[in-house]
Amino acid sequence: MKLLIVGGGGREHAIAWKLSQSPRVSQIYAAPGNAGIAELGECVPLAATDFDGLIRFAQEKRIDLVVVAPDDPLALGLVDRLEAVGIPAFGPTAAAARIESSKAFSKSLMRQAGIPTADYQVVTTLSDALAAIDTVDLPVVVKADGLALGKGVIIARTRSEAVAAVTDMMEHDRFGKAGHTIILETCLSGPELTVLAFTDGKTIRPMRSSRDHKRAFDHDLGPNTGGMGAVSPGAELSAMQWKNLQQTVFQPTIDALRAMGCPFKGVIYFGLMLTEDGPRVIEYNARFGDPEAQAVLPLLKTDLLEIFEAVIDERLDQMEIEWSDQASCCVVAASGGYPVAYEKGYPITGLTDAAVHGLIFHAGTARQDGALVTAGGRVLALTAVAETLEEAINKAYQGMESIRFTGMQMRKDIGQT
């Protein structure tokens, strides 16, 4: 089979790496891809939102399956466009992807379906937002309604911080249209947990749990990023706790989307907080998380292509999915200044020595005059797998010691906070 993977980050490299292990995959293309994916297949200079170009390419190459990985093309309806011209695609439709592209929609769905989440209110004007801030309990979570590259969430501990956050979003257009509607949410406390799951719109099969580290610096300090690392498992949950999540969160979400006429087929991301009062949904994503995918996919034993096809054909209930009992740790190396301003084009060295300790997934990398150079904020990640989480963490950091590029920054406490 010939596959086209849409996207060019670490998540897409992990997906390409796993799909390349399937004996039925003969050719992998990626648009736009990166230097790491180029070692597995052919990168195509097409943006993930160039729908006409992607469809034309898929038709010309007679692509058997398109895997749509990033949030933007999902929200904009690439899967719908592909299916309309008879090209098989893995990922949710734009209507189903609203669980990520509109936080107001997702919160409404949770409220209607009785799915446990934080209390919230939606505001659409700056004056309403400022009035609401006068009455909310502190701290308050300020969220942009739309897609903001994982950076549209601010925990305001004072009213002045909340005012600054909503003004920045609604008046100064920090996130463009994505921040013109705001969600003000009660701030919950407790360990965070991510559960990715395959679903065909009826059946849902959770993957191994993981835990992402969003803040840029050690001890969860600094601005939110797309993610500086992740570990799996993200928490040690009992069988009873898993059953509770299945009954109160996972299945009700899928059932609610199907009842609304927008069944979700693909990978759904549950961002959870384990509060003293039980688990609460913080957010949904409509695709593999990044870097959660880099932590979880190395633990998958079953052929990923077979799972994708079962999802598309709505026969996931017949699929046995096997996972390793090992643990993993993924550490991200980012450009200096990320997630704000950073420079590109710096040579990257030490990957051969680092690869002795784990898998290297490229994100913002490129080839320049034959040399591997930085080409993004999150440059690459190293995922180590071991029998225990402590061993996986140690292996990951041993590998990271070999990697070098100008301005390189990474957290040194992934899996330890």
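Numbers here simply count residues along the sequence, with the first being 1.
Heavy-atom neighbours of D134 CG from other residues, nucleotides or ligands within 6.0 Å: above the threshold of 12. Heavy-atom neighbours of Q416 CD from other residues, nucleotides or ligands within 6.0 Å: above the threshold of 12.
Residue A118 comes nearest to T186 through the heavy atom pair CB-O, 3.5 Å, listed as atom of the first residue, atom of the second, then distance. Nearest heavy-atom pair, S328 versus V385, reported as atom, atom and distance to 0.1 Å: CB-CG2, 4.1 Å. Closest non-hydrogen pair, S232 versus L299, comes out as OG-CD1, 3.6 Å. Nearest heavy atoms, C330 versus A381: SG-CB, 3.6 Å. Residue I414 comes nearest to C329 through the heavy atom pair CG2-SG, 4.0 Å, listed as atom of the first residue, atom of the second, then distance. Between A178 and L147, the closest heavy-atom pair is CB-O, 3.3 Å.
Y397 contributes no side-chain N or O that, together with a main-chain N or O of A392, makes up a donor-acceptor pair within less than 3.5 Å. In this structure, T225 contributes its side chain and K214 its backbone to a donor-acceptor pair below 3.5 Å. In this structure, T167 contributes its side chain and A164 its backbone to no donor-acceptor pair below 3.5 Å. Proximity of a side-chain donor or acceptor of R280 to a complementary backbone N or O of L272 within less than 3.5 Å is not detected. With hydrogens and angles ignored, the 3.5 Å screen pairs no side-chain donor or acceptor of S102 with any backbone N or O of R98. Side-chain atoms of S20 come within 3.5 Å of backbone atoms of W17 as a donor-acceptor pair (strictly under, hydrogens ignored). Between the side chain of E161 and the main chain of R157, a donor-acceptor pair closer than 3.5 Å is present.
A salt bridge does not link K103 to D145: none of the charged nitrogens lies less than 4.0 Å from a carboxylate oxygen.
Using modelled atom types and a 3.5 Å distance limit, the side chains of D173 and H180 yield a donor-acceptor pair. S22 and D303 form a side-chain donor-acceptor contact under 3.5 Å, judged by distance and modelled atom types alone. Checking D290 against Q294 by side-chain atom types alone, a donor-acceptor pair falls below 3.5 Å. In this model, no donor atom of one side chain and acceptor atom of the other lie less than 3.5 Å apart for T194 and D212. With no hydrogens or angles considered, a side-chain donor-acceptor pair links K107 and T117 at under 3.5 Å. Judged by distance alone, the side chains of Y284 and T253 do bring a donor and an acceptor atom under 3.5 Å apart.
Within the 4.5 Å cutoff, side-chain heavy atoms of I268 are placed close to those of I204. Put simply, the side chain of V373 does not reach to within 4.5 Å of the side chain of T365, judged on heavy atoms. Looking at V66 and L54, their side chains never come closer than 4.5 Å, going by heavy atoms from C-beta outward. Counting only heavy atoms from C-beta outward, the side chains of L245 and F270 never approach each other to under 4.5 Å. With a 4.5 Å cut-off on side-chain heavy atoms, V296 and W323 count as touching. By the 4.5 Å heavy-atom criterion applied to side chains, L351 and L372 are counted as neighbours. Contact check for V6 versus V67: no side-chain heavy atoms found under the 4.5 Å cut-off. Side-chain contact between Y120 and L184 is absent, with no heavy atoms from C-beta onward closer than 4.5 Å.
For residues 29-52, the ring-ring contact (aromatic ring centres under 6.0 Å, His included) pairs, not counting sequence neighbours, are Y29-F57.
By the side chain to side chain contact (heavy atoms under 4.5 Å, CB included) test, N285 is found to be paired with E100, Y269, E283, R287, residues two or more places apart in sequence or in another chain being considered. Listed by chain and number, the residues in a side-chain hydrogen bond (donor to acceptor under 3.5 Å, both in side chains) with Q21 are K18 (sequence neighbours excluded). Legend: residues meeting side-chain hydrogen bond (donor to acceptor under 3.5 Å, both in side chains) with E322, ordered by chain and number and at least two apart, are absent. Taking the salt bridge (charged side-chain N to carboxylate O under 4.0 Å, His left out) definition, one finds that D128 meets it with nothing, sequence neighbours left out. Evaluation of the side chain to side chain contact (heavy atoms under 4.5 Å, CB included) rule for A333 yields L380, M400, F405, M408 as partners, not counting sequence neighbours. Among residues two or more places apart in sequence or in another chain, the salt bridge (charged side-chain N to carboxylate O under 4.0 Å, His left out) test is passed with R208 by none. With sequence neighbours left out, the salt bridge (charged side-chain N to carboxylate O under 4.0 Å, His left out) criterion links R211 to no other residue. Checked against side chain to side chain contact (heavy atoms under 4.5 Å, CB included), L138 has the following partners two or more places apart in sequence or in another chain: V140, R159. By the salt bridge (charged side-chain N to carboxylate O under 4.0 Å, His left out) test, E306 pairs with R24, sequence neighbours left out.
How far CD of Q27 is from NZ of K61: 8.0 Å, rounded to the nearest 0.5 Å. E192 contributes atom CD, which lies 9.5 Å from atom CG of L188 (distance to the nearest 0.5 angstrom). Atom NZ of K2 is separated from atom OG of S26 by 7.0 Å, given to the nearest 0.5 angstrom. Distance check: K265 NZ to L257 CG gives 13.5 Å after rounding to the nearest 0.5 Å. For the atom pair OG (S106) and CD1 (I183), the distance works out to 7.5 Å, reported to the nearest 0.5 Å. Put simply, OG1 on T199 and CD1 on I254 are 3.5 Å apart, with the number rounded to the nearest 0.5 Å.
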Assess whether side chain to side chain contact (heavy atoms under 4.5 Å, CB included) is satisfied between M170 and I182, documenting all intermediate values.
CA-CA 8 Å; M170 305 186 84; I182 296 290; 3.4 Å; yes
Test side chain to side chain contact (heavy atoms under 4.5 Å, CB included) applied to I307 and L300, step by step
CA-CA 11 Å; I307 299 173; L300 176 64; 4.1 Å; yes
Could you walk me through whether V142 and M169 pass side chain to side chain contact (heavy atoms under 4.5 Å, CB included), step by step?
CA-CA 10 Å; V142 181; M169 293 183 193; 4.0 Å; yes
Test side chain to side chain contact (heavy atoms under 4.5 Å, CB included) applied to N34 and E12, step by step:
CA-CA 9 Å; N34 59 44; E12 287 76 24; 5.8 Å; no
Side-chain donor-acceptor pairs under 3.5 Å in residues 216-224, sequence neighbours left out?
{"residue": "D218", "atom": "OD1", "partner": "K412", "partner atom": "N", "Å": "2.8"}
{"residue": "D220", "atom": "OD1", "partner": "R411", "partner atom": "NH1", "Å": "3.0"}
{"residue": "D220", "atom": "OD1", "partner": "R411", "partner atom": "NH2", "Å": "3.1"}
{"residue": "N224", "atom": "ND2", "partner": "V153", "partner atom": "O", "Å": "3.0"}

Show me the donor-acceptor pairs within less than 3.5 Å that the side chains of residues 341-348 make with the rest of the protein, sequence neighbours left out.
{"residue": "Y342", "atom": "OH", "partner": "G377", "partner atom": "N", "Å": "3.3"}
{"residue": "E343", "atom": "OE1", "partner": "Y346", "partner atom": "OH", "Å": "2.4"}

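Between F90 and F308, the ring-plane angle classifies as parallel under the 30° and 60° cut-offs.
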